[in-house]
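Whatever order the structure lists them in is the order used to number ligands and atoms, beginning at 1. If you read the sequence from its start, that first residue is 1, and numbering goes on from there.
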Amino acid sequence: MRSFLNGPSFSVPGGSMEEDKPLRERYSSEITPEDFGTKLAVAGWLQDVRNLGGIAFLQLRDRGGVLQVTAIKKEMGPEGFRELVELPRESVITVTGTVQENNQAKAGFEVLPSSWELLSRAEVPLPLGVVDKVGADLDTRLDNRFLDIRKPEVAAIFRLRSILTEGLRRSLVDQGFVEVATPKIVSAGAEGGATLFKLDYFGKPAYLAQSPQLYKQHLMATGLDRVFEVAPAFRAEPSDTSRHLAEFTSLDVEQAYVRTSEDVMVTVERMTVDGIRYMIEGGQELLDQLIVRLDVPPQPFRRIPYDECIDMLRGDGADVPEDAEMGTEHEKALGQLVHQRWGEDFYFITDFPTRYKVGTFYAHRHEDRPELTGYFDLGVRGLEIASGGKREHRLDVVTAQMEEGGLRPADFEFYLKAFRYGMPPHGGFGYGLERLLQVLLGLSNIRETVLYPRDRQRLVP
Ligand code: AMO
């Protein structure tokens, strides 16, 4: 610790009195007028230095914000002053000094240092500026993610993500769900072979889980009755888009004794509304920082049968071929139409035709109209956030649906076994956490919502 009021003192291993001092006693945001006149330790990154010769204004950034350290050459001595003001930007320092009111400083106070210590010297030049006005491209930002996240507006995304996740969790716990953890190294996929990551499991073929689908259904045969999981899901997505990741966080829910998919939609709706309300209440300052205005969506969310969605799109002049499923462009257009027509952003597309869900062997089909499933998607402003519905819980029917989808029931024996000895009717959904955050914060690329995104190009950092 450099102390220039009581003569120089240096860090000695095992050390001096100074060594016992905490590196930080307050975050910048915790300092109040009550602290004026007291001596405190603050710490963080040296964001900027304005050196006027005899006096220098240092901006010290920590998790809570930025505070000003005012260095006066006369008091520090020329050597100590020079050492401090010439430190490279983004070096980490701790400063002990007196807090003093100063209306010229942005925070309304400054710290007059009596000692400081360099904790980590930053190399020059920085691969990414933290306070630069001109934005770097996303790839440079992701390559230097630790620096990127030092920017308060980027950190805000991850703080909001944490609050949102907690809000969603709380809602599910309030609704009687139990949080579970299922394996991510699995023997069979549930969402089609095209996006499976294969791996070698002690000489046997295995896969990274695309979804906890088979396990969450399996758990319906255990009596836990209502389960949820927040965990990574892996998809070898063939193309790079702004809404797909190779590793995303899937919030999965499964509940027993559902009559129809409507019971599941009620859960989705309540969880979504509770989660957003929690984020608005707990994260208003962060939302303001990102200039995002959010309202709790009105309930109930509109339910629009798939066929009606197609009619709406065609009525608007879209070319939706008879035998093709709605594509991304159609989903986006539908989001706009729903907004224009009803001023709503959240809506369910219900009753997906069976022909588009043949791969989804676990979907329950309507008894009276087997050409339709009870499956739904939750759409938000043209982005699919969740999908789910009532499952098929009858062994013979689920086996037949598997075969129809080109799968071998023998590969799913562990799953089917749970259907043989008393499987209650059930339903559930998979919900993309990053997609929800992307749409709520109006981010153009889903990668913005992930600390270290994984896609076809990116395995590092
Ligand atoms: P689905 O495949 O529709 O359904 O996935 C559910 C939700 O997960 C999100 N999602 C993704 N997010 C980012 N990148 C991806 N590559 C990606 N793929 C999916 C979406 C999507 O709506 N087992 C079923 C769910 C169920 O029926 O319970 C399933 O996984 O938000």
Side-chain angles (χ1 to χ4, degrees), residues 161 168 177 180 182 184 186 188-197 207-220 226-255 258 261 263-265 267-268 271-272 325-326 328 331 346-350 352 356-357 359-364 373-393 398 401 405 415 426-440 443 445-450 453-456 458:
R161 179 178 162 136
L168 298 167
F177 287 87
V180 298
T182 65
K184 300 303 152 209
V186 297
E191 307 303 322
T195 62
L196 274 174
F197 280 111
Y207 308 95
L208 291 178
Q210 295 165 307
S211 151
Q213 183 66 37
L214 305 183
Y215 290 95
K216 59 181 183 169
Q217 283 194 258
H218 212 251
L219 290 173
M220 294 301 97
R226 296 186 144 223
V227 300
F228 77 99
E229 177 166 22
V230 186
F234 304 90
R235 307 263 172 115
E237 293 289 349
S239 53
D240 288 322
T241 80
S242 61
R243 47 176 68 190
H244 288 93
L245 295 160
E247 178 177 342
F248 68 98
T249 303
S250 190
L251 195 167
D252 277 89
V253 170
E254 204 66 32
Q255 60 192 85
V258 308
S261 293
D263 296 337
V264 182
M265 282 186 270
T267 307
V268 177
M271 180 192 83
T272 305
E325 199 176 356
M326 239 196 275
T328 306
E331 285 175 21
F346 291 72
Y347 50 90
F348 288 111
I349 305 170
T350 65
F352 266 74
Y356 302 137
K357 291 287 176 193
T360 311
F361 58 84
Y362 47 79
H364 180 264
T373 68
Y375 249 60
F376 62 80
D377 275 1
L378 171 66
V380 185
R381 290 182 214 143
L383 186 64
E384 180 205 316
I385 301 295
S387 86
K390 179 173 153 73
R391 318 297 189 187
E392 180 48 68
H393 75 286
V398 80
Q401 290 186 181
Y415 165 76
H426 59 275
F429 60 89
Y431 199 103
L433 184 67
E434 289 88 0
R435 292 235 181 132
L436 177 65
L437 193 64
Q438 182 186 7
V439 75
L440 292 179
L443 301 168
N445 196 317
I446 195 166
R447 289 163 185 75
E448 296 265 10
T449 67
V450 186
R454 290 287 174 263
D455 59 33
R456 283 198 316 160
R458 199 165 269 287

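On a distance-only criterion, Asp252 and ligand 1 share no N/O pair closer than 3.5 Å. Residue Tyr431 places no N or O, backbone or side chain, under 3.5 Å from any N or O of ligand 1.
Within the 4.0 Å heavy-atom criterion, the part of Arg235 lying near ligand 1 is the side chain and not the backbone. Residue contacts with ligand 1, taken as heavy atom pairs separated by less than 4.0 Å, do not involve Phe376 at all. Residue Phe429 touches ligand 1 through its backbone alone, judged by heavy-atom distances below 4.0 Å. Here Ser211 has side-chain heavy atoms under 4.0 Å from ligand 1, and that is the only part of it that gets that close. When non-hydrogen atoms are compared, ligand 1 lies under 4.0 Å from the backbone of Glu384 as well as from its side chain.
Here the protein heavy atom with the shortest distance to atom 14 (N) of ligand 1 is Leu245 N, 2.9 Å.
Screening residues 381-391 for side chain to side chain donor-acceptor pair (under 3.5 Å), with sequence neighbours left out, gives Glu254-Arg391, Asp345-Arg381, Tyr375-Arg391.
Residues Phe348 and Phe376 bring their aromatic ring centres within 6.0 Å.
Heavy-atom proximity to Gly388, at under 4.0 Å, picks out these atoms of ligand 1: 27 (O). Close approach of ligand 1 to Gln213 is summarised as follows: ligand atoms under 4.0 Å from at least one heavy atom of the residue are 23 (N), 24 (C), 25 (C), 26 (C), 27 (O), 28 (O).
If you check each of Arg391, Glu247, Glu254, Gln210 against atom 28 (O) of ligand 1, the one with the closest non-hydrogen atom is Arg391.
Taking Glu448 as the reference, Arg141 meet the salt bridge (charged side-chain N to carboxylate O under 4.0 Å, His left out) condition, with sequence neighbours excluded.
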